[in-house]
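Below is one structure, written out as structure tokens, with a few remarks after it.
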Amino acid sequence: MAKSTFERYGGFAAISKVVSAFYDKVLDSPELSKYFETIDMRRQIDHQTKFMASLMGGPASFTNQELERAHARYSITRAEFDEMLELLKESLEDFDFEDDDVTEVVQNFSSRANFVIHS
Ligand code: HEM
């Protein structure tokens, strides 16, 4: 059977490095950093790694309902969502993900917009 994207890029250890680099960019972003001022980033990176793993066919899952619950108290705009998507794309490219894999992950992430944007 073909290996999942998750396996091809080295599993949880490798994906958590990408996710850490992604959040470094998020925290450097004037539009996005305000959301994370009081957030425990270690825990955040763990959760987001699990989410990314699920997008790549790895052994983890995050339901849309959980996503909705995590973001319901914020007023995240479409523009902020798009900014985050762009930073994710850059992070995957920085780690030499192939174009097709970047597209797949970004599309998957993008398809959850309605569970995250509440504005
Ligand atoms: C498809 C896009 C996104 C996904 C998949 C995603 C995923 C996640 C996940 C898995 C968590 C952890 C939930 C938990 O602790 O149970 C989380 C929390 C959080 N996300 Fe997102 N996120 C997305 C977009 C965004 C955007 C665009 C922002 C801000 C502009 C944002 C801000 C936050 C914040 C502040 C938390 C912490 C929640 C808390 O502990 O109160 N997220 N997100």
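All values below were derived from every heavy atom in this structure, side-chain atoms included, with hydrogens, water molecules and symmetry-related copies excluded. In listed order, ligands and their atoms are each counted from 1.
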May I ask you to decide whether Lys34 forms a salt bridge with Glu80, counting only side-chain N to carboxylate O separations under 4.0 Å? yes

What residue and heavy atom of the protein are closest to [atom], and at what distance?
| atom | result |
| --- | --- |
| atom 32 (C) of ligand 1 | Phe36 CZ, 3.4 Å |
| atom 10 (C) of ligand 1 | Phe62 CZ, 3.5 Å |
| atom 5 (C) of ligand 1 | Phe51 CE2, 3.0 Å |
| atom 27 (C) of ligand 1 | Met84 SD, 3.3 Å |
| atom 35 (C) of ligand 1 | Tyr35 O, 3.3 Å |
| atom 19 (C) of ligand 1 | Gln44 NE2, 3.3 Å |
| atom 24 (C) of ligand 1 | Val116 CG1, 3.4 Å |
| atom 28 (C) of ligand 1 | Ile76 CD1, 3.4 Å |

Heavy-atom check, side chain of [X] versus side chain of [Y], under 4.5 Å:
| X | Y | answer |
| --- | --- | --- |
| Phe115 | Glu66 | no |
| Glu86 | Glu90 | yes |
| Thr49 | Val18 | no |
| Leu85 | Val106 | yes |

Does [X] [atom1] have over 12 foreign heavy atoms under 6.0 Å away?
| X | atom1 | answer |
| --- | --- | --- |
| Asp99 | CG | no |
| Lys3 | NZ | no |
| Lys25 | NZ | yes |
| Lys17 | NZ | no |

Please list, in number order, the atoms of ligand 1 under 4.0 Å from a heavy atom of [X].
| X | value |
| --- | --- |
| Ile39 | 37 (C), 39 (C), 40 (O), 41 (O) |
| Phe81 | 1 (C), 2 (C), 27 (C) |
| Leu32 | 30 (C) |
| Ala70 | 13 (C), 38 (C) |

So is Glu66 touching ligand 1 or not, going by heavy atoms under 4.0 Å? no

Is Glu31 near ligand 1, meaning one of its heavy atoms is under 4.0 Å from it?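 Per 4.0 Å heavy-atom rule, Glu31 does not contact ligand 1.
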
Counting heavy atoms only, which part of [X] comes closer than 4.0 Å to ligand 1: side chain, backbone, both or neither?
| X | result |
| --- | --- |
| Phe109 | both |
| Arg73 | side chain |
| Tyr74 | side chain |
| His71 | side chain |
| Leu85 | neither |

Residues which pass side-chain contact (heavy atoms from CB on, under 4.5 Å) with Val116, listed by chain and number, not counting sequence neighbours: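 Val116 satisfies side-chain contact (heavy atoms from CB on, under 4.5 Å) with His71, Ile76, Phe81 only.
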
Before signing off on this row, confirm whether His47 and ligand 1 have an N or O atom pair separated by under 3.5 Å.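 Such a contact does occur with ligand 1.
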
Could you walk me through whether Tyr35 and Val26 satisfy the side chain to side chain contact (heavy atoms under 4.5 Å, CB included) test, starting with their C-alpha distance in whole Å, then the side-chain angles of each, then the deciding distance to 0.1 Å, before giving a yes or no? CA-CA 10 Å; Tyr35 286 100; Val26 169; over 6 Å; no

Return the orientation label for the His47 and Phe62 ring planes: parallel under 30°, perpendicular over 60°, tilted otherwise.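 Tilted: the ring planes of His47 and Phe62 meet at 30° to 60°.
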
